[in-house]
Structures are given as C-alpha cells and as structure tokens.
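Working notes, beginning with the structure itself.
Letters go in sequence order (proteins before strands), and every chain restarts at 1. Fair warning: this is a prediction, and the values are worked out from it, not measured in the lab.
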There are 2 protein chains.
Amino acid sequence: MNKSSSKPFYVDADRLLLAVDCIIFGFERDGLKLLLFQRKVAPFQQEWSLIGSFVKTQESVRNAAKRVLKIHTGLTNVFMEELGSYGSVDRDPGDRVIAIAHYALMRLQEEDKQIAAEYKAQWFDIDELPALILDHQQMVEDALEKLRRKARYRPIGFELLPEKFTIPQLRVLYEVIYQRALDRRNFRKKILSMNVLEKLAEKDKTSSRKGAYLYRFIPAKYQEMVEKGVDFVI
Amino acid sequence: MNKSSSKPFYVDADRLLLAVDCIIFGFERDGLKLLLFQRKVAPFQQEWSLIGSFVKTQESVRNAAKRVLKIHTGLTNVFMEELGSYGSVDRDPGDRVIAIAHYALMRLQEEDKQIAAEYKAQWFDIDELPALILDHQQMVEDALEKLRRKARYRPIGFELLPEKFTIPQLRVLYEVIYQRALDRRNFRKKILSMNVLEKLAEKDKTSSRKGAYLYRFIPAKYQEMVEKGVDFVI
DNA sequence: TTTACAAGCGTAAAAATAACGCTTATCTTT
DNA sequence: AAAGATAAGCGTTATTTTTACGCTTGTAAA
C-alpha cells in the first residue's frame, strides 16, 4: 500500500508521525518498578527511554501499544490503558512526532527480569529513575498520578494479583500504589465488606508461619465493581 | 515547508492523519447541552457531528483543539481537557484518521446561541441528541462519564460559573452534572466547610425574592484544591 | 397584611472511617 | 518440651462524615 493515501478525501491535510510510548509499571513486594530501555535509534541512541513505536497505517493505536508491549516483554495479557497524548511541536528534535502514552501494570516475577535483560531493558525502582529522554520523565509522573487516582475508584490493583491471593497481599499492593501504610485490620474489614472475595480452603504460608487464607475474586461482583466504579478509597 | 519531513530521522515510519474533535458542553439552568455542527465536507456532508480539524505539522495537539474551539465558537478561555484517542483503523471511511478527542465546558449565554447559529451549529439537550457520524456518539458518552467522574475530585464545575455566584447556583451546576438532586442544606454545609469561598456583601435576587448572597472563590484555596484533588463527592 | 418561596440555619440519626487491643496458628529458638 | 516471635485474624470503641429533614428569614406578589 502507498504511504500517502489513495482515498479521495482530506487531501490537503498534513500527515504526521504518530507514536505510542509505554510506561510499564511492575509490582513487587518492596515497591513499584518501571521498565526502561536503552534506546536503539538516533537521536539519543543508548540513552534511557520508555519503549515506543510508530503507529502504522494498518493498525489501531491500541494495537500498536499492545505490539510494543509484546515485542519488548513477551507479554500479552497485561492491564494497559491510555494515558494521553504528548503533542507539542518540538518535543522530539528528530522530527514532529505526536506520542500517545499508555501505561501498563504487571506483577513482577523472576522470569520478567530475565526477559528484560535480553532486551537491554532494566527494571528501576520508581524513586530511583535515571534521566530519561524527551518528555518521558513527564509521562512517568503523569502515569503515576493517574495510576494512584485510578486505584481509588477502580479495582485496578487486582490486575496485578495472581488468581488466588491473600488479603495481606492485596493490602501490600495498595500500600505500594498509594505509597503509605494501611491498617491491616481496617483494610481487611473494608475489602470483605465489598463482597467481591470468595474465601478458599487453602492457605498461603510463604509470608507468615500462621499462613493466610487464599481468596479469589467473584467474577460477577468484580465486573460490577469495574462498571459502577466503586469507591476504593482505603 | 515541505509536507514530508526534511529531517534525517524516522524515515521509514508511516505518516498519518491526526485530527482533534471537540465535545463542547454547555451549562444551563435546565441541564447540560452539547454543541453540534452540520458537517461541511464529504463524507457525511450535512450530517450532525462534533467539530474537529486536522492537526497541522506546526501546531501542538492542544493548540489544534483550541483553534477549533475558537474558530467555531469565538471563545478562547474555556476549560478544555483531553479525553483520549480514537484510533481504530476503520473509524473513518474517508481515510485512516486518528482522532484525539477533547471536551470543553462552558457556561451558556444568549450570545453563545447566536454564535452557534452563524456556524450552522446548534445546542442540543444532552438527552436529545441526533444521530452522529463516525464514533462521535461514543466520544460524547465517554466525555460525559469523564466529566462526571472528574467533577468528583476536581472543582471542575467552578469553571462554569461567573466570578461572583451564589451557592444555589453552584448547587444547580452540580445537579446538572450529576443529574440528580442534591440537598440544599447539606450542599451548603459541605461547600462552606471547604473554606474556598469568600462571602460578599451583595445579593443576587434573580432567582428568589429573598436573594442569595454572592460568593467568590479564594484563589489560593481554589488552586490548592485543584492541585491536591480534593474529594468533591456531594 | 397575608402568602408564597427560595435561602439560610440548625439538630439528630446513621454510616463510614480510623485507632488500636487481643487472640490464634505455626515456626524457630532455647 | 517450653518459650518466644510473628503475621494473620477478630473484635471494640471513638471520631468523622454523610444523610435526612425541621424551622426561621427576607422579600416580592397577591
């Protein structure tokens, strides 16, 4: 297919470069991480950067973001959402490029760290990021703010847990996102009062001698929460 | 300047059409309105549509949205915020076009209705919209949801009031946004407890015989609210 | 003068949040 | 085998916030 359109409409409009950039957050017990890459192309070759790609004529913006994520992490079923556009004229000295930033959330496991290494990528602690190219630092700040805000009215954090999880695990997750301690007992009460969790018979003993009961989300209730936007201020 | 870039980077990337579309909400005592236009160009000529424009190489995305707003309403100082991108491949049969939707909020006055008429535009009651082209209906729904959600943690509604306003006016505004009645007395209590309002000596008597005191936002406090994201659930 | 009505003021009940003590299960140490 | 340590789990109470709603006030119209 031709690079310039063969269709008869809109012939006078400018054609621009459109990119997607991904802010990939990783969740670990000791805090939030961010996946950064050493840029392969000029300008700013070798510098730390978010990962991105140009959007192709024959793919949707969302699919472009998914493609980027898959290519650079191997993952496909990750929570990802649009953050917004970064569209100032001079944001990229290489050319006029409009970026549509997306942020993704994943649970970090050992395997992911290996994958990262293969791609010259590295997980950084969220408070210890290196200098980033272009407006990527701004994107990260915006994504963090959006993530925290979103966590208050969407059960967003749940995306980061395995199918079976304990209440303390869920709490730690919110502590990491909100960056503050939550009362163990009040958290339990609040979350249970929502009636979205199903208690299982098994216990997880990896983090305490006593062991904590495993739970699972009740899909219907969980879906309800997503749609109605339950208040998750904890 | 050349339409295709003269810069040496990113030469292999596709160049796309990028548009901004504006969802323009108008606030009136009896409800929210939406400004719609009869499209001037093919395809879908003469059909009802949001207003938009292609983004030019030499303008930022945000400025493109501002330009659209100014050209079609004459207004410049209007609250406007990005809603998100609409980037599926086949959303516009005219060509591959990615749209970045923006929503704007304005207080509706008589003069605005006249302006609208000049541009073959029309204010519609939000519950009585005509069929819209492309994915514009979806954009409107998304914008409404975002507006309502946003109103809960940002003093967004304040953008819609004149400098001096009464508490009942502010309440009606939130009633219109939330689409439900708010208790007169509780609203007053809550809003006053936030300490963002300065009571003036004057009264506004246009909507009651007794008259309601006029208030003004205390700029510093207001700014604080915007930044900290005060909870505005009423 | 009376009436009508939105504005404004206050109180009390109910619900949600926050603070925190105590018990339990199980592993580790003595 | 007993004691100690620790995270999990259960419960109580105080505080704050939200909700419901009665009553008074000022002013124009009847």
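- With A/Tyr178 contributing its side chain and A/Ala151 its backbone, the two residues share a donor-acceptor pair below 3.5 Å.
- Under 3.5 Å, the side chain of A/Lys210 and the base of C/dA25 form no donor-acceptor pair of N or O atoms.
- Of the listed nucleotides (D/dA29, C/dA6, D/dA7), D/dA29 has the atom at the smallest distance from the side chain of B/Arg209.
- At a cut-off of 3.5 angstrom, the base of D/dT19 holds at least one donor-acceptor pair with the side chain of B/Lys189.
- Nucleotide C/dG8 holds its P atom 12 Å from the CG atom of B/Leu197, rounded to whole Å.
- Between B/Tyr215 atom OH and C/dA7 atom P the separation is 12 Å, expressed in whole Å.
- Going from atom CG of A/Leu170 over to atom P of D/dG9 covers 12 Å, rounded to whole Å.
- In this structure, a donor-acceptor pair under 3.5 Å is present between the side chains of B/Tyr86 and B/Asp142.
- Among residues two or more places apart in sequence or in another chain, the ring-ring contact (aromatic ring centres under 6.0 Å, His included) test is passed with A/Phe217 by A/Phe158, A/Phe165, A/Tyr222.
- Put simply, CG on B/Leu182 is 16 Å from C1' on C/dA6, counting in whole angstrom units.
- One can place CD of A/Glu202 at 17 Å from P of D/dA8, the figure rounded to the nearest angstrom.
- Residue B/Ser207 has its side chain nearest to C/dA7 when only D/dA8, C/dA7, C/dC27 are considered.
- Evaluation of atom-type donor-acceptor distances gives no pair under 3.5 Å for the side chain of B/Lys203 against the base of D/dT25.
- Counting only N and O atoms by type, the side chains of A/Tyr103 and A/Glu81 include a donor and acceptor under 3.5 Å apart.
- In this structure, B/Phe187 atom CZ and C/dA7 atom P are separated by 12 Å, rounded to whole Å.
- In the set D/dG9, D/dA8, C/dC27, D/dG9 carries the atom at the smallest distance from any side-chain atom of A/Tyr213.
- Here the C1' atom of nucleotide D/dT18 and the CZ atom of B/Arg188 are 18 Å apart, to the nearest Å.
- Taking 3.5 Å as the limit, the base of D/dA7 and the side chain of A/Arg184 contain no donor-acceptor pair of atoms between them.
- With no hydrogens or angles considered, a side-chain donor-acceptor pair links B/Ser85 and A/Glu82 at under 3.5 Å.
- Atom CZ of B/Arg152 is separated from atom C1' of D/dT18 by 13 Å (rounded to the nearest Å).
- With hydrogens and angles ignored, a donor-acceptor pair under 3.5 angstrom links the side chain of A/Arg185 to the base of C/dG21.
- Take the nearest nucleotide of DNA chain D for A/Arg171 and for B/Asp183: the residue whose nucleotide is more 5' is A/Arg171.
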